[in-house]
Amino acid sequence: MAMPLRQSIRVGTYLFEQKVLRKREKFPLIVELEPLFACNLKCEGCGKIQHPAGVLKQRMPVAQAVGAVLESGAPMVSIAGGEPLMHPQIDEIVRQLVARRKYVFLCTNAMLLRKKMDEFTPSPYFAFAVHIDGMRERHDESVAKEGVFDEAVAAIKEAKRRGFRVTTNSTFFNTDTPQTIIEVLNFLNDDLKVDEMMLSPAYAYEKAPDQEHFLGVEQTRELFRKAFAGGNRQRWRLNHSPLFLDFLEGRADFPCTAWAIPNYSLFGWQRPCYLMSDGYVPTYRELIEKTDWEKYGRGKDPRCANCMAHCGYEPTAVLATMGSLKESLRAARETIAGNRG
């Protein structure tokens, strides 16, 4: 796991405080903040832009966005959408969160990144998280537009040149093979030298235009087991806990803890996670206390049957790591090794 040591210590301290000192059963690890739904791409596997035109024109006020994160108390924030760089005040949202020492990941397709980069300042609390779903042909096909891969690569290089932390997020479908995963992660790790990489099997959005290419559980396990073979898993700078990577390979299994990565959007706090919508509530407390969390997850809700997404299972893996001395030492070793690399 390539998470910076400072961030690892901060998150570890937060988890200890919540779980051990305050004895809280449910608490947020990272907030998925969506200050808009509009996007400049129409990706085949995404259902976020299916909202009515009036909704797509809305932009969340800065105070509302920052207030939601502070209300939750989470140490980390992932700003998504839509395309967050289309928000006219996204730089101010980032500035205010960083000023409060929140670790902020701005998720972007990078089409606007080079134009907007001057509005941001490098910080150990901030990273651009660029979405890359494959090499040039595969990525451009997944976002339904030519030239996106090349622009994203150029933006990553420029951001790295200017001293920004750059991470990537890659979603894989049943059209992927172990080799296509290896190719893109080798490129990101070795050629572009991004700071961290995150990956996830695609979740079957009900409103996504493409409903044919989502992975099943066994497909996911076989795909990642083969992709991780030969030392790749240890060599790549993956921003995941070792137990979550075990989970993807089918070497471990966990229940879903979607409450640990809550979603806040223009509609409020979304039940139960950012991938599914069973209504919204105005406060984080109501989300936690008034949601029947026991009815969600594989084997409980048919919509969850094939889900192995990081938003539901990474938190479970993190908590399982914390509860085991052996796994805690294992994660610490990988964190130190990743920072040395």
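All residue numbers in this chain count up from 1 along the given sequence.
Using cut-offs of 30° and 60° on the angle between ring planes, the pair Phe247 and Phe254 is tilted. Aromatic ring pairs are classed by plane angle as parallel below 30°, tilted from 30° to 60° and perpendicular above 60°; the pair Tyr14 and Phe27 is perpendicular.
Between the CG atom in Leu113 and the CG atom in Leu85 there is a gap of 6.0 Å [rounded to 0.5 Å]. From Thr167, atom OG1 reaches atom CG of Leu188 across 10.5 Å, with rounding to the nearest 0.5 Å.
For Arg100, there are no salt bridge (charged side-chain N to carboxylate O under 4.0 Å, His left out) partners at least two apart in sequence or on another chain. Annotation: ring pair (Phe, Tyr, Trp, His ring centres under 6.0 Å) contacts of Phe16 (sequence neighbours excluded): none. For Glu92, the salt bridge (charged side-chain N to carboxylate O under 4.0 Å, His left out) partners at least two apart in sequence or on another chain are Arg95. With sequence neighbours excluded, no residue forms a side chain to side chain donor-acceptor pair (under 3.5 Å) with Lys157. Residues passing the side chain to side chain donor-acceptor pair (under 3.5 Å) test with Arg114, sequence neighbours excluded: Glu151.
Considering only heavy atoms from C-beta on, Glu218 stays 4.5 Å or farther from Glu222 through its side chain. A 4.5 Å side-chain heavy-atom check between Lys290 and Val281 finds every atom pair outside the cut-off. No side-chain heavy atom of Pro28 sits less than 4.5 Å from a side-chain heavy atom of Ile261.
With 3.5 Å as the limit, one finds no donor-acceptor pair spanning the side chains of Ser241 and Thr321. Side-chain polar atoms of Asn263 and Glu32 form no donor-acceptor pair below 3.5 angstrom. With 3.5 Å as the limit, one finds a donor-acceptor pair spanning the side chains of Arg235 and Asn186. In this structure, a donor-acceptor pair under 3.5 Å is absent between the side chains of Ser265 and Gln270.
Aromatic pair His240/Tyr313: ring centres not closer than 6.0 Å.
Using a 4.0 Å cut-off between charged nitrogen and carboxylate oxygen, Arg165 and Glu196 count as a salt-bridge pair. With salt bridges taken as basic N to acidic carboxylate O contacts below 4.0 Å, none links Arg225 and Asp246. Salt bridge Arg136/Asp150: present, at least one basic N to carboxylate O contact under 4.0 Å.
Other residues, nucleotides and ligands contribute at most 12 non-hydrogen atoms within 6.0 Å of the CD atom of Glu294. Residue Glu146 places its CD atom among 12 or fewer non-hydrogen atoms of other residues, nucleotides or ligands, all under 6.0 Å distant.
The ring pair (Phe, Tyr, Trp, His ring centres under 6.0 Å) contacts involving residues 116-137 comprise Tyr103-Tyr125, Phe120-Phe126, Phe120-Phe128, Phe126-Phe128, Phe128-Phe164, where partners must be two or more places apart or lie in separate chains.
Exactly one residue among Asp301, Asp278, Thr257, Thr291 makes a side-chain hydrogen bond (donor to acceptor under 3.5 Å, both in side chains) with Tyr296. That residue is Asp278.
The two residues Ile30 and Pro262 make their nearest non-hydrogen contact at O-CD, 3.4 Å.
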